Amino acid sequence: MAQLAQSFFRRPVLEVAPELLGKQLVRSLPAGDVFRYRITEVEAYDGSADLACHASRGKTPRTAVMYEPGGVWYVYLVYGMYHMLNIVTGESGYPAAVLIRGVETISGPGRLTKKLFINKTLNQKKAIKHNGLWIEDDGLAVSAFAVTRTPRIGVAYAKEWAEKPYRFVWQT
DNA sequence: ACGATGATGAAC
DNA sequence: TTCATCATCGTA
């Protein structure tokens, strides 16, 4: 089907994030299994000025991937236990990414990565079929009226940035 | 309501 | 080299 091109992700994160709702996250495993899940919940992390964004403390070994041109995965471990799946967005040099927080039938970013066998081996890899994890557009239209914007989860430390409505939830 | 569990980044 | 801090979840 229509795999999203790298150019789709090389745009401002606040444009890309809501457009990912309703798209299909596709995972293929070496054994041949293919899983498809429609994306229902995302969060935008927008540049070094955004105090909730990991790149707010500058470029480090962990955050370097966020400075790459959009279209690569950013996977990291939180709370010593769960992997978080993000897709890097925007132009080269501007650190931004979309956290994929939930898909149809799986809620919660930690449970999502566990179920799809996603770990740091995918970090910095392009979101293309060849790498076993990519996103497809099958033509489904998501009504803007079915999308709710709220503040992001778990970022209370980010001062005024904690309140910004950068979380997008699609009511199916 | 809280503990598990380890990488990360900043301070010392 | 040590320490506080986490983009969470399951059990209580």
Side-chain angles (χ1 to χ4, degrees), chain A residues 4 8-25 27 35 37-91 93-127 131 133-135 147-171:
Chain A
L4 293 185
F8 177 92
F9 302 103
R10 295 182 186 174
R11 296 180 293 139
V13 67
L14 288 171
E15 282 182 27
V16 175
E19 290 183 27
L20 286 176
L21 296 173
K23 300 290 190 290
Q24 291 186 312
L25 179 66
R27 176 69 164 137
F35 305 98
Y37 292 98
R38 227 176 260 293
I39 297 169
T40 56
E41 182 179 347
V42 297
E43 283 178 1
Y45 289 85
D46 187 17
S48 54
D50 178 357
L51 294 179
C53 180
H54 288 161
S56 65
R57 281 182 253 189
K59 201 175 200 174
T60 68
R62 180 175 62 152
T63 63
V65 61
M66 298 183 82
Y67 291 77
E68 291 185 19
V72 299
W73 298 112
Y74 168 36
V75 181
Y76 69 93
L77 190 66
V78 262
Y79 301 116
M81 243 175 271
Y82 296 101
H83 292 282
M84 298 289 107
L85 176 65
N86 302 249
I87 183 76
V88 173
T89 64
E91 300 293 328
Y94 186 86
V98 177
L99 168 64
I100 299 180
R101 242 186 175 288
V103 297
E104 224 165 39
T105 72
I106 311 175
S107 50
R111 302 167 80 196
L112 164 65
T113 52
K114 185 178 176 187
K115 190 154 183 182
L116 297 189
F117 306 102
I118 290 165
N119 57 47
K120 291 176 80 171
T121 61
L122 281 159
N123 192 41
Q124 283 183 287
K125 297 275 174 60
K126 285 184 181 177
N131 289 327
L133 184 65
W134 70 99
I135 301 175
V147 176
T148 308
R149 294 185 64 164
T150 81
R152 293 168 291 186
I153 304 296
V155 298
Y157 60 87
K159 301 182 181 172
E160 70 270 21
W161 289 86
E163 300 157 25
K164 295 203 181 280
Y166 285 2
R167 173 171 175 249
F168 301 85
V169 184
W170 175 38
Q171 276 84 30

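Since this is a predicted model, take the numbers as computed values, not measurements. So you know, we letter chains A, B, ... as the sequences are listed, proteins then strands, and number each from 1.
Sorted by first and then second residue, the salt bridge (Lys or Arg N to Asp or Glu O under 4.0 Å) pairs involving residues 43-70 of chain A (not counting sequence neighbours) are A:Glu43-A:Arg101, A:Asp50-A:Arg152.
Nearest heavy atom pair, residue A:Val13 against residue A:Ala96, reads CB-CB, 4.0 Å. The minimum heavy-atom distance linking A:Val72 with A:Ile87 is given by the pair O-CD1, 3.5 Å.
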One pair to check against side-chain contact (heavy atoms from CB on, under 4.5 Å): A:Val42 and A:Leu99. What are the steps and the verdict? CA-CA 6 Å; A:Val42 297; A:Leu99 168 64; over 6 Å; no
Can you give me the N/O atom pairs linking the protein to nucleotides 9-11 of chain B at distances under 3.5 Å, or say none if there are none?
{"from": "B:dG9", "atom 1": "OP1", "to": "A:Thr60", "atom 2": "OG1", "distance (Å)": "2.4"}

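Using a 4.0 Å cut-off on heavy atoms, the residues of residues 107-121 of chain A that approach DNA chain C are A:Gly108, A:Pro109, A:Gly110, A:Arg111, listed by number. For the contact set between residues 153-160 of chain A and DNA chain C, defined by any heavy atom under 4.0 Å, the members are A:Ile153, A:Gly154, A:Val155, A:Tyr157.
The residue A:Met84 sits close only to the backbone: its heavy atoms come under 4.0 Å of sugar-phosphate atoms, none of a base.
To the nearest 0.5 angstrom, A:Asn119 atom CG is 10.0 Å from A:Leu77 atom CG. Note: A:Thr150 OG1 to A:Glu163 CD = 12.5 Å, rounded to the nearest 0.5 Å. The structure places NZ of A:Lys120 at 12.5 Å from OG1 of A:Thr113, a figure rounded to the nearest 0.5 Å. In this structure, CG on A:Leu20 lies 11.5 Å from OG1 on A:Thr40, to the nearest 0.5 angstrom. Here A:Ile39 contributes atom CD1 and A:Lys23 contributes atom NZ; the two are 8.5 Å apart, rounded to the nearest 0.5 Å. A distance of 8.5 Å separates OG1 in A:Thr121 from NE2 in A:His83, rounded to the nearest 0.5 Å.
Looking at A:Ser107 and A:Glu41, their side chains never bring a donor and an acceptor atom within 3.5 Å of each other.
Side-chain contact between A:Trp73 and A:Ile100: present, with at least one pair of heavy atoms (C-beta onward) separated by less than 4.5 Å. Residues A:Lys126 and A:Trp134 have side chains not in contact (no heavy-atom distance under 4.5 Å, counting atoms from C-beta outward).
Contacts between chain A and DNA chain C, taken as any atom within less than 4.0 angstrom of a protein heavy atom, begin and end at C:dC6 to C:dG10.
Of the residues A:Tyr45, A:Tyr76, A:Tyr67, the one that meets the ring-ring contact (aromatic ring centres under 6.0 Å, His included) test with A:His54 is A:Tyr76.
Salt bridge status for A:Glu91 with A:Arg10: absent, with no side-chain N to carboxylate O gap under 4.0 Å.
In terms of position along DNA chain B, the nucleotide closest to A:Met81 lies nearer the 5' end than the nucleotide closest to the other residue of the pair A:Met81 and A:Leu77.
Base pairing in DNA chain B gives the following stems of 3 or more Watson-Crick or G-U pairs, range against range and under 3.5 Å: B:1-4 with C:8-11, B:6-11 with C:1-6.
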